[in-house]
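Quick notes on the structure that follows.
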2 protein chains.
Amino acid sequence: MIKETSSNASNRKFLRSVCRITGALEILSGRWKALVLIHISEGKNRFSLLKQVLPPVSDQVLGRQLRELEAEGLITKAIIAEVPVRVDYSLTDKGAAVLPILDELAEWYDKRGD
Amino acid sequence: MIKETSSNASNRKFLRSVCRITGALEILSGRWKALVLIHISEGKNRFSLLKQVLPPVSDQVLGRQLRELEAEGLITKAIIAEVPVRVDYSLTDKGAAVLPILDELAEWYDKRGD
DNA sequence: CGGTATCCTTTATGATACTG
DNA sequence: CAGTATCATAAAGGATACCG
């Protein structure tokens, strides 16, 4: 086995081991993840709806970010076995809890220009 | 950079905030940037001090992240023409203002595991 | 409809050598 | 001491095709 170093270990796990802030930022660091959370909270809870309201993003990338958000426990998906299949995304309590903090970041960002 | 998705006027303020959130996360998205801000706030205000307290990071990468933080107006550098040269980094008001928000993110992160 | 598989491009990070 | 230049690698993002 090859010895693990910080450069070949899992980036995610490494960043999380560094500190909680780094870990939190890593979870939100996907390019569209914050937007996805906000849009889901606004009722855009379907794959195709998200594609409509997000800036142009490929199926592949949107799917990956949704998978990662689900893996992090920020969203859940409910698969309804209709034809065609229907999937409803919704925020978990954890996902909802981060939105007010994101709002604070937005306010901070507004003031940055002075 | 993030294009607003037009739906209706009542969403406008909300959508602007979406863009600001994305912008704020972008500023903080560098791998070591949040850590750098925190360590500077704790008095680790020299290049070599930062190297000591951060996880292993190359000169090149640390230098780049410091440059970017300065460009974003989160830190300033004071160059003192001694021999050898001395540089003091410090937080701007903007840089200091984001730290409490990062703390909230850390608390949120702590609770994520249930 | 709601994705995944595959392949490609761009960006971020990293190692090393060198400089004022 | 405090970096930058150069080159290399890793990770993220994206285009396209296809599947249940």
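Only this structure's heavy atoms are used, side chains among them; waters, hydrogens and symmetry mates stay out. Each chain gets a letter, A, B and so on, in the order the sequences are listed, and its residues count up from 1.
What separates CG of A/Leu25 from P of D/dA12 is a distance of 14 Å, to the nearest Å. Between the CZ atom of B/Arg67 and the C1' atom of D/dA2 there is a distance of 12 Å, rounded to whole Å. Look at CD on B/Gln65: it is 9 Å from C1' on C/dA12, rounded to the nearest Å. Going from atom CG of A/Leu28 over to atom P of D/dA12 covers 14 Å, rounded to whole Å. In this structure, the CG atom of A/Leu66 is 9 Å from the P atom of C/dT4, given to the nearest Å. When the P atom of D/dA11 is taken as reference, atom CZ of A/Arg31 falls 18 Å away, rounded to whole Å. Look at NZ on A/Lys44: it is 18 Å from C1' on C/dG2, rounded to the nearest Å. With rounding to whole Å, A/Lys33 atom NZ is found 8 Å from D/dA12 atom P.
The side chain of A/Gln60 lies closest to D/dA15, out of D/dA2, D/dA15, C/dG3. Here the nucleotide nearest the side chain of A/Ser58, chosen from D/dA15, C/dG20, C/dT13, is D/dA15. Counting only heavy atoms from C-beta on, A/Asp59 has its side chain closest to C/dG3 among C/dG3, C/dC1, C/dT13. In the set D/dT4, C/dG14, D/dA15, C/dG14 carries the atom at the smallest distance from any side-chain atom of B/Val61. Listed candidates were D/dA2, C/dT13, D/dT4. Nearest to the side chain of B/Arg86 is D/dA2. For A/Ser48, whose side chain is taken as the heavy atoms from C-beta onward, the closest listed nucleotide among C/dG3, C/dG14, C/dG2 is C/dG2.
Under a 3.5 Å cut-off, the side chain of A/Trp108 and the backbone N or O of B/Lys94 do form a donor-acceptor pair. Side-chain atoms of B/Gln65 come within 3.5 Å of backbone N or O of B/Trp32 as a donor-acceptor pair.
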Audit row: A/Phe47, A/Val87, side-chain contact (heavy atoms from CB on, under 4.5 Å) steps and yes/no: CA-CA 7 Å; A/Phe47 192 91; A/Val87 174; over 6 Å; no
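Applying the 4.0 Å criterion to OP1 and OP2 of D/dG3, one finds that B/Tyr89 has a side-chain N or O inside that range. Phosphate contact (OP1/OP2 of C/dG3, side-chain N/O of A/Lys77, threshold under 4.0 Å): present. A close approach under 4.0 Å does not occur between any side-chain nitrogen or oxygen of A/Arg64 and OP1 or OP2 of C/dG3.
Here CG of A/Asp93 is found 11.5 Å from CG of A/Leu74. Values are rounded to the nearest 0.5 Å.
For the side-chain contact (heavy atoms from CB on, under 4.5 Å) with B/Lys33, the lone residue among B/Ile75, B/Leu69, B/Leu28 that qualifies is B/Leu69.
Contact annotation for A/Val87: backbone-only contact, meaning every heavy-atom pair under 4.0 Å involves sugar-phosphate atoms and none involves a base.
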